[in-house]
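Fair warning: this is a prediction, and the values are worked out from it, not measured in the lab. No hydrogens, no waters, no symmetry mates; every other heavy atom, side chains included, goes into these values.
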Amino acid sequence: MYKSLPYQSLSVDTFTYMNDEYVVIAQPFTGKCVFLEWDHVEMSFRNYDNITGTSTVVCKPIVIEKQLYVIVAQLFGGSHIYKRDIFANKFIKIQDIEVIKIRKPNDIETFRVDDNWYFVVADSSKAGCTTIYKWNGNGFYSHQSVHMWYRDTDVEYVEIANKPHLILSSSSQRPIIYQWNKKYNNFSKQAEIPDTEDVYAVKHFSNKDDVYLCLTRFIGDSRVIKWEGGAMITEIQRMPSRGSMVFQPLQIGDHKYAILGSDYSFTQVFHWDNEKGKFVKFQELNIQAPRSFTHVSIEKKHSFLFASSFKGSTQIYEHVIIDLSA
């Protein structure tokens, strides 16, 4: 444990901007995106700035040609895009996201294909529509709507065999895989992940040349599978879920972890064992209703894990390596 922040949160994200490391935290009850920066003198995190809205669920940063933009997804009052004005030293709203398509945003991913920047919003309302937006030099504009009427809870961008893919999780069907179609410049449905009911979210990590997926289930078993493209999967292992809404793989230096959050018991941290080719139990963390995890490395000396909490305090942990050889 490094520090506890006295507010609840949903999404946490890290980004590099002007050669510094930042963390942005979405606070749903105060409606704020809180930005933290590393203070190199005090050796701690300090407040950098805020964006104030209502019922903010995701604050997603994207840096395009040294310019910082933030997509702010809200449950009420619409979602918006801000840019950082370095001369005025503040965030300025530059765009609204159409309310017709994005009614109940749940997740945002940013990605780049063929030198073009995109972001995708997973929409979890029955009347909403998961939509991809493309940067055109001045703003983001609707590029493609996918997966209408399915109440999507999560979207993950994955590249396998140098081909871009989106994996959409929804409350009403198995996760759907979309593959980028170079000819038509959009995503087309490729497959669904077989035998995976009730998956709330999918996150990926790589080991050597292999791609693995962490499938989150609220109750039952969350799973780690090896994905070889299309519907070809190999199950690696299962972890019992007790109210899990996040199963996040992370890489810190040479160490690979997967963190399985829990609303009803301790959050489980697993460490990847190269010899066994799977995760092994590593540590338990006490976090109230965790919703997302991210890590930030400072000058290759310090590594921190940020854990959001929907019902308690946002937690910061420091990653420490203890030399047991002495």
Pair Asp154-Thr216, side chain to side chain contact (heavy atoms under 4.5 Å, CB included): steps then yes or no: CA-CA 10 Å; Asp154 178 84; Thr216 315; over 6 Å; no
In the hydrophobic clustering that connects Ile, Leu, Val, Met, Phe, Trp and Tyr at side-chain heavy-atom distances below 4.5 Å, which members other than [X] occupy its cluster, ordered by chain and number?
X	value
Tyr141	none
Phe293	Met1, Val246, Leu250, Ile252, Tyr257, Ile259, Val269, Phe282, Leu285, Ile287, Leu305, Tyr317
Met232	none
Val296	Tyr2, Leu5, Tyr7, Val12, Val23, Ile25, Val34, Leu36, Trp38, Met43, Phe45, Ile298, Phe304, Phe306, Ile316

For [Y], does its backbone N or O pair with a side-chain atom of [X] as donor and acceptor, under 3.5 Å?
X	Y	value
Ser124	Lys104	yes
Ser44	Asp39	no
Asp123	Ser125	yes
Gln190	Ile177	no

Suppose we screen for side-chain contact (heavy atoms from CB on, under 4.5 Å). Which residues come up paired with [X], at least two apart in sequence or across chains?
X	answer
Asp114	Trp180, Lys182
Tyr17	Phe15, Tyr22, Tyr48, Val63, Leu68, Arg84, Ile86
Pro249	Lys203, Phe205, Cys214
Lys183	Asn181

Tyr69, Phe119, Tyr118, Trp117 screened by ring-ring contact (aromatic ring centres under 6.0 Å, His included) with Trp135, the one that passes: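 So, applying the ring-ring contact (aromatic ring centres under 6.0 Å, His included) to Trp135 and each of Tyr69, Phe119, Tyr118, Trp117, only Tyr69 qualifies.
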Just checking Asp254: does its CG atom have more than 12 heavy atoms from other residues, nucleotides or ligands closer to it than 6.0 angstrom?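 No - once you tally the heavy atoms of other residues, nucleotides and ligands closer than 6.0 Å, there are 12 at most.
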Does atom CZ of Phe29 have more than 12 heavy-atom neighbours, drawn from other residues, nucleotides or ligands, at distances under 6.0 Å?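 Above 12, so yes.
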Residues two or more places apart in sequence or in another chain: which of them pass salt bridge (charged side-chain N to carboxylate O under 4.0 Å, His left out) with Glu37?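 Here the qualifying residues are Arg46.
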Which residues satisfy the ring-ring contact (aromatic ring centres under 6.0 Å, His included) test with Phe270, sequence neighbours excluded?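 Listed in chain order: nothing, the list is empty.
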Does a side-chain N-to-carboxylate-O contact under 4.0 Å join Asp49 and Lys90?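 Between Lys90 and Asp49 there is no salt bridge, as every charged N stays at least 4.0 Å from the carboxylate O atoms.
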Residue among Pro6, Pro290, Ser9 satisfying side chain to side chain contact (heavy atoms under 4.5 Å, CB included) with Thr314: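 Only match with Thr314 under side chain to side chain contact (heavy atoms under 4.5 Å, CB included): Ser9.
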Asp263 vs Phe310, test: side chain to side chain contact (heavy atoms under 4.5 Å, CB included). Steps then yes/no. CA-CA 10 Å; Asp263 280 16; Phe310 188 59; over 6 Å; no
Give every residue pair that meets the disulfide (SG to SG under 2.5 Å) criterion with at least one member in residues 18-114, sequence neighbours excluded.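 Every disulfide (SG to SG under 2.5 Å) pair that includes a residue of residues 18-114, provided the two are not neighbours, is Cys33-Cys59.
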So which pairs with a foot in residues 221-320 pass disulfide (SG to SG under 2.5 Å), sequence neighbours left out?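 Matches after skipping sequence neighbours: none remain.
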Determine, stepwise, if the pair Tyr133 / His143 fulfils side chain to side chain contact (heavy atoms under 4.5 Å, CB included). CA-CA 5 Å; Tyr133 295 84; His143 178 72; 5.9 Å; no
Between Phe111 and Tyr157, is the ring centroid distance below 6.0 Å?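 That pair passes the under 6.0 Å test.
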When you look at Ile132 and Gln144, which way does the side chain to side chain contact (heavy atoms under 4.5 Å, CB included) test go after all the steps? CA-CA 5 Å; Ile132 299 160; Gln144 181 186 1; 3.8 Å; yes
